[in-house]
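The structure under discussion appears below in the form of structure tokens.
The figures that follow rest on heavy atoms only: side chains count, while hydrogens, waters and symmetry mates do not. The residues of the chain are indexed from 1 along the displayed sequence.
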Amino acid sequence: MWKSTPGSDTKPMTTPTSSPNMPTPPRPSLEPARSKEFQGEMAHIGKSVIIRGELSGSEDLYLDGEVEGNISLVDHNLIVGPNGRVRANIIAKDVVVHGKVDGNVEGHDRVELKKSAALSGDISTKRIVIEDGAFFKGAIDIRKEKSEGKREIAAAASAGASHSSSSAQRSLVDAKFEPKI
């Protein structure tokens, strides 16, 4: 047990304030880590912002608020943060979802659903990533790369030419073996 001795100064103990010389430890960021693709200029919509209507822009967007309507960022990226609530159709180059989306998503290059994501709607993209724990209800349309599409059309055209000659042969064979009445 502690006893005060006469002559000792008994001041309440205070926590020292940080002095200008003392470096403060870095605080962890509340925002999800952004990949190198998303580095650079990015607009930020905070979690207290509510937008009703059409949202479009010519820069990348980090959305942590609510949007109801349509989102169009044709040549730019969209990140729906963990607090993001979207009831809209989305068109963007890359779409990363941490929060909740009710609507169709068209990501020209890539769509990524993180483990905290909840998406109800159809997805159309070239590449898709769905992490364990993410909720998804809808259909997925994986589009081919443009160069592969040209090869596919050429292959279909050549197959179509051989198919038309073989179908003519098949009709001749069918005519030979038809039962006569």
**Q.** Distance (rounded to the nearest 0.5 Å) between Leu61 CG and Ile71 CD1
**A.** 7.0 Å
Q) Can you pull the salt bridge (Lys or Arg N to Asp or Glu O under 4.0 Å) pairs that have at least one residue in residues 129-142, sequence neighbours excluded? A) Lys114-Glu131
**Q.** 4.5 Å side-chain heavy-atom contact, His76 and Asp94
**A.** no
Q: With the side chain counted from C-beta on, respond yes when Val95 and Thr125 share a heavy-atom pair under 4.5 Å apart, and no when they do not.
A: no
Q. Just wondering, do Val86 and Leu63 contact through their side chains at under 4.5 Å, heavy atoms?
A. yes
Q | Gap separating the CZ atom of Phe136 from the CD1 atom of Ile128, nearest 0.5 angstrom | A | 6.0 Å
Q.
Under the rule for side-chain contact (heavy atoms from CB on, under 4.5 Å), what residues qualify as partners of Val49, not counting sequence neighbours?
A. Ile45, Ile51
Q.
Please enumerate all residues that pass side chain to side chain donor-acceptor pair (under 3.5 Å) together with Asn89, with sequence neighbours excluded.
A. none
Q. Is there a donor-acceptor contact under 3.5 Å from the side chain of Asn104 to the main chain of Asp122?
A. yes
Q: With sequence neighbours excluded, give me every salt bridge (Lys or Arg N to Asp or Glu O under 4.0 Å) pair touching residues 42-57.
A: Arg52-Glu68
Q.
Using 0.5 Å steps for rounding, measure from the CG atom of Leu113 to the CD1 atom of Ile130.
A. 5.0 Å
Q: State, to 0.1 Å, how close Tyr62 and Gly81 come at their nearest heavy-atom pair, and which atoms those are.
A: OH-CA, 3.6 Å
Q: Using side-chain contact (heavy atoms from CB on, under 4.5 Å) as the criterion, list what pairs up with Ser72, not counting sequence neighbours.
A: Ser56, Val74
Q | pair Val80-Val101: side-chain heavy atoms closer than 4.5 Å | A | yes
Q) Are Ile140 and Leu78 linked, directly or through other ILVMFWY residues, by side chains that come within less than 4.5 angstrom of each other? A) yes
Q | Side chain Asp109, main chain Lys93, donor-acceptor under 3.5 Å | A | no
Q: Applying side-chain contact (heavy atoms from CB on, under 4.5 Å), name anything that partners Glu106, two or more places apart in sequence or on another chain.
A: Ile91, His108, Ser124, Arg143
**Q.** Set of side-chain contact (heavy atoms from CB on, under 4.5 Å) partners for Asp102, sequence neighbours left out
**A.** Arg87, Lys100, Ser120
Q: Return the minimal non-hydrogen interatomic distance between Gly69 and Ala88, and the atom names on each side.
A: O-CB, 2.8 Å
Q.
Can you confirm whether Ile142 sits close enough to Arg127 that some side-chain heavy atom of one is under 4.5 Å from a side-chain heavy atom of the other?
A. no
Q) Ignoring hydrogens and geometry, is there a side-chain-to-backbone donor-acceptor pair from Asp60 to Asn77 under 3.5 Å? A) yes
Q: Give, for atom NZ of Lys126 and atom CZ of Arg110, the distance between the pair rounded to the nearest 0.5 Å.
A: 13.0 Å
Q) Honestly curious: do Val129 and Val97 fall in one hydrophobic cluster under the side-chain, below-4.5 Å linking rule? A) no
**Q.** Qualifying salt bridge (Lys or Arg N to Asp or Glu O under 4.0 Å) pairs with a residue from residues 70-83, counting only residues at least two apart or across chains
**A.** none
Q.
Treating His98 as the side-chain partner and Ala117 as the backbone partner, does any N or O pair qualify as donor plus acceptor under 3.5 Å?
A. no
